[in-house]
Each structure stands twice: as structure tokens, then as C-alpha cells.
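Notes to accompany the following structure.
Just follow the structure's listing: the first ligand is 1, and inside any ligand the first atom is 1. The first residue of the sequence shown is numbered 1, and numbering continues consecutively from there. Keep in mind that the numbers below use all heavy atoms, side chains included, and drop hydrogens, waters and symmetry copies.
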Amino acid sequence: MRFNTKEMYLILFRLLKRVSKIDIHSLQVAYISKIVGRELGFSRQRLNVLGFLHDIGLLNPVQVNQVQRTLGVENASISNWLALNSGLQENHAVIGARIVSHIEDISELSDVVEKHHYYPILLNPEIDHDIMASVVHLADSVSIQLLSGEKDFNHMETIKRAVVNSNEFLEKAKFAFEKISEKKGFWWTVVDENTLYDEFERDLEENPLSNSDLQSLGDILMYMTDVKSRFTTFHTERIAYVSKLLAERAHLGEERAMEVFFAAKIHDLGKMATPISILEKPGKLTKEETFIMQRHIFDSYLIVGGREAIEKHRLLQWGVNHHERLDSSGYAWGKSSTELDLESRIIMIADVFVALTEDRPYRKGMSIGASLDVVARQVQSGLLDEYVFTKLRDLVAEGLDFTRIESNTRRTLFFYET
Ligand SMILES: [Fe+2]
Ligand SMILES: [Fe+2]
Ligand SMILES: [Fe+2]
Ligand SMILES: [Fe+2]
């Protein structure tokens with residue numbers, strides 16, 4: 001079954017919730033932007049999504065990790081980000097706009113995200129996108145003030161006055177907000193988490209995602225995952241590449257091979273929630289740390305939408321299965337061989353093979369040949385699939401190498417190395 005835009009945004013929401021502490025802020029900005037924007041004649045569905053995505057650039061793990069190193073907190077909240085007051089948060093609007101420009105559904109509005117901290121002097125009050133940017137800026141400011149004080153009448157009145165008297169927003173945006181802010185229901189909604197989520201979810205449209213939209217979502221998620229740690233810079237990208245080739249070699253057909261491609265792109269999504277201190281620990285993990293590390297599977301499972309999503313879209317299961325083994329010794333569920341289909345077996349092998357070729361904090365990466373030998377032994381031990389292995393062996397014999405992927409510069413579209 002085809003994915004739709006609603007499912008895509010909900011994956012991004014769950015990612016945001018699991019990986020950062022900016023989920024409530026994002027929901028508040030989505031709600032305020034759409035209510036204020038509607039007053040100005042803009043589509044509430046568009047502003048709902050734009051408001052939600054406005055700070056998506058903060059998800060850039062390169063920056064998140066720097067925050068972690070600077071502040072010692074694993075997942076930065078909005079107040080952590082604001083406290084930094086440095087170049088670390090500076091690029092988030094530009095990065096966010098780059099991410100949004102790769103989401104076909106909303107790409108033509110990516111400049112709104114880029115301008116969401118602009119003052120009126122940089123905006124044209126006659127241009128719709130600029131007005132929307134100012135609306136999102138205003139919503140952002142209201143949310144930040146709400147999150148940093150009491151949820152009571154006096155605080156709300158203070159925020160109202162501060163916004164109306166501020167010179168940070170276009171007059172049109174302030175005027176619309178002034179009207180909206182007279183409504184008590186607006187304030188009660190904006191501080192009620194469940195209602196906010198409900199508001200967000202109900203205004204998401206269910207437009208079918210084309211195959212290329214789905215792949216581009218996969219790319220965004222893949223780059224975010226890979227860039228998190230210098231040890232995994234190309235991990236997912238290589239696995240996706242190998243998995244797709246294996247699927248083609250296993251005669252699954254072009255369409256199915258593309259589904260495997262997407263599944264491989266999101267296989268380690270949950271690693272975005274794994275503490276960097278564990279991902280990069282320069283020694284053997286303790287049992288407790290292993291428990292946390294292995295949880296990335298469960299986080300992937302939750303982020304893609306849990307059981308309901310997996311039952312609807314079989315390909316989501318393939319990614320989540322990648323640490324299972326045919327003799328039931330794998331995790332997270334210790335599945336048996338009968339529960340592991342060919343597509344899952346492809347990603348299982350690709351993951352082991354590629355991981356062996358990569359440096360880890362506690363060992364050097366192996367050559368492609370040596371890695372293939374290790375995979376061969378695991379196949380003999382009944383852990384990995386024999387048929388898929390023969391296809392991998394063919395690929396290696398034909399000179400498989402990763403340099404083609406490594407020369408790929410698309411990741412610079414999304415992230416700055418700071
Ligand atoms: Fe922002
Ligand atoms: Fe924000
Ligand atoms: Fe994994
Ligand atoms: Fe992996």
C-alpha cells in the first residue's frame with residue numbers, strides 16, 4: 001500500500017519527539033501559526049506543517065552532538081538551545097529549509113522555514129511567503145514565552161502585550177494575532193498537549209506519496225542517521241546501496257527492490273535516539289550499555305509507527321528485522337527463520353557485511369574480502385541466509401566497492417560540518 005503525506009509527517013513527528021525535546025514547541029508553533037495564518041487567509045493545512053517543521057534543522061545530529069558535548073545533555077530542549085546563544089543554533093533555519101526543500105509536499109515553501117527568525121526589515125509585507133515567515137516567527141516567540149513561564153492568565157496577558165508591542169513581526173501578523181489572542185479557547189488549546197497533538201494530526205492531509213517522494217524521505221532520514229557519528233558516516237547509505245543490488249540480484253523486481261532500498265534507508269533510524277557516548281565509546285560496551293545500544297531497533301519500530309504501521313506497510317518490518325538471526329538468536333524479538341522473509345534477510349546480510357568494513361571506536365574496519373569471509377562463516381553457522389550470500393559473493397567478485405557512494409556529495413545539502 002502507498003504511503004501518504006500524513007504518515008510521512010507523523011514519522012517526522014515521532015522522530016522529533018524521540019530524539020529531541022522540541023516536540024511540544026513544534027506542536028505549539030504549528031497550532032499558533034495555522035490559527036493566526038488562517039486569519040490572514042492562508043491554508044491552515046500548510047501552516048500546520050510549516051509550523052511543525054520550522055525547527056527541523058535543530059535535528060541535525062552534528063549540532064545535537066555538539067550541544068551534548070558543550071552542555072552535557074543528550075537531547076537539547078528549546079531552552080538548552082537558547083542558552084547556547086552561539087553559532088550552534090545559528091544555522092538551523094538554513095538547514096531546516098534544505099530539509100524541507102527535499103519534502104516534495106511542502107518544498108515550495110522552504111523559504112518560509114529559512115526566514116522564520118527574520119525581522120520585518122528583511123521581509124516584504126506584500127509577499128505571502130514573507131508574511132507566513134513572520135507568522136511562524138511570532139508563533140515561535142509565543143511558544144518560547146509560554147514554555148518559560150506559568151500557564152496562567154497573567155502570563156498569557158503579558159505575552160499578548162509583548163507580542164503586540166514588539167517590532168520583531170510584520171504588522172499584518174501582529175494584527176491577526178491580536179484578534180486571535182482575544183479568544184480564551186486559543187490559550188487553553190495552546191497549553192494542552194493532547195489537544196495540540198490532536199489539532200496537528202487532524203489537519204494533516206492524506207495525499208499519496210509518489211515513489212520518488214518516499215525515496216527522498218528515506219534520504220533525509222538516512223543522512224540524519226548517518227551523520228550522527230563519524231563511525232557511521234556512510235553506514236546506511238552503503239547498506240541501502242548493497243541491499244538494493246541484492247534485491248535486484250534475487251529477482252525481486254524493480255518495484256520491490258525500491259521498497260527494499262527505502263527499508264534499508266530507515267533501518268537504523270532509532271540510532272538517532274542512542275546516546276552519542278555509547279555510539280562512540282572507545283571500548284567494549286557493558287551489558288547495560290548494550291541494552292541501550294540494541295534499543296535502537298525498538299526506537300526505529302516506534303518512530304515508523306509501531307505495530308499498526310508495520311501491519312499496513314510490510315517494508316517497515318524489513319528494516320526493523322535487521323538484527324534478527326535465522327537461528328532465533330537475534331534481537332529485538334528473537335524471530336525464527338519462518339518469520340524472516342527474503343527482504344529482511346537481504347538487509348540483515350547487508351548490515352553485517354557493511355558494518356564489518358567500517359571502523360568502530362574499538363576496532364579497525366576490515367577489507368571487503370575479509371568481511372565477506374566473516375559473513376560466510378555466519379551463513380555456515382545458520383545465522384544468515386545462504387541464497388542472499390551467493391548474491392553478495394557475486395557482487396564482490398564483480399568488484400563491488402563503495403567509492404561511488406563516498407563521492408556522493410548530497411549530504412552537504414542537509415548539513416554543515418561546524
Ligand atoms: Fe527556530
Ligand atoms: Fe522554534
Ligand atoms: Fe542496527
Ligand atoms: Fe545498521
Side-chain angles (χ1 to χ4, degrees), residues 16 20-33 50-60 63 76-82 84-85 88-97 99-100 112-119 133-148 168-169 221-222 225-226 228-229 231-243 263-272 274 279 293-297 299-300 318-324 330-332 344 346-358 360 365 371 384:
L16 203 77
S20 76
K21 294 203 183 85
I22 59 168
D23 52 316
I24 301 303
H25 174 62
S26 302
L27 290 181
Q28 283 182 333
V29 175
Y31 179 71
I32 302 167
S33 301
L50 277 173
F52 159 63
L53 291 173
H54 82 289
D55 273 344
I56 191 92
L58 290 179
L59 264 193
N60 172 6
Q63 284 174 305
S77 65
I78 274 294
S79 50
N80 292 146
W81 281 103
L82 293 173
L84 282 173
N85 196 21
L88 282 183
Q89 54 154 320
E90 228 163 62
N91 292 328
H92 81 280
V94 176
I95 296 170
I99 293 172
V100 169
V112 175
V113 171
E114 183 161 353
K115 295 174 183 170
H116 84 266
H117 286 291
Y118 279 20
Y119 279 25
S134 199
V135 167
V136 175
H137 189 190
L138 183 152
D140 178 71
S141 167
V142 172
S143 165
I144 287 170
Q145 294 178 65
L146 275 171
L147 291 170
S148 58
E168 294 178 19
F169 321 111
L221 299 173
M222 170 168 86
T225 311
D226 277 1
K228 172 151 183 165
S229 164
F231 295 102
T232 56
T233 313
F234 301 104
H235 177 77
T236 310
E237 204 170 0
R238 288 172 177 168
I239 286 168
Y241 176 71
V242 172
S243 298
K265 285 177 185 177
I266 60 165
H267 83 284
D268 268 343
L269 195 53
K271 278 211 178 140
M272 286 190 64
T274 309
L279 281 181
M293 174 68 122
Q294 293 184 341
R295 195 194 139 107
H296 75 274
I297 285 289
D299 285 318
S300 295
W318 305 336
V320 170
N321 278 345
H322 74 275
H323 289 297
E324 299 290 350
Y331 63 93
S344 299
I346 286 172
I347 300 176
M348 283 156 61
I349 275 205
D351 186 59
V352 173
F353 172 68
V354 170
L356 287 166
T357 66
E358 295 170 331
R360 287 292 176 266
S371 302
L384 297 169

Compute whether any side-chain donor of one residue and acceptor of the other, for Asp268 and Thr236, lie under 3.5 angstrom apart. no

Does a donor on one side chain and an acceptor on the other come within less than 3.5 Å for His54 and His117? no

Looking at every heavy atom in both Met293 and Lys271, which two are closest together, and how far apart are they?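 The answer is SD-CE, 4.5 Å.
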
Quick one: closest heavy-atom pair of His322 and Gly319, and the distance? ND1-O, 2.7 Å

What protein N/O/S atoms are there under 2.8 Å from the Fe ion (ligand 4), waters excluded? His235 NE2, His267 NE2, Asp268 OD2, Asp351 OD1

Would you confirm whether Ser143, through its side chain, and Ala139, through its main-chain N or O, come within 3.5 Å as a donor-acceptor pair? no

Is any side-chain heavy atom of Ile297 closer than 4.5 Å to one of Val320? yes

Validation row: Ser141, Phe169 side chains within 4.5 angstrom (heavy atoms):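 With C-beta onward as the side chain, the pair touches.
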
What atom name does the N, O or S atom of Asp55 nearest to the Fe ion (ligand 1) carry?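 The atom in question is OD1.
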
With the Fe ion (ligand 2) as the reference point, give the N/O/S atom of Asp140 that is nearest. OD1

What angle, in degrees and rounded to 10°, do you get at the Fe ion (ligand 2) when you join it to NE2 of His54 and to NE2 of His25? 90°

What do you get for the angle at the Fe ion (ligand 1) between NE2 on His92 and NE2 on His117, to the nearest 10 degrees?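 The NE2/NE2 angle about the Fe ion (ligand 1) sits at 90°.
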
Please check if the distance between the ring centroids of His323 and His267 is under 6.0 Å.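 When the ring centroids of His323 and His267 are compared, they turn out to be at least 6.0 Å apart.
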
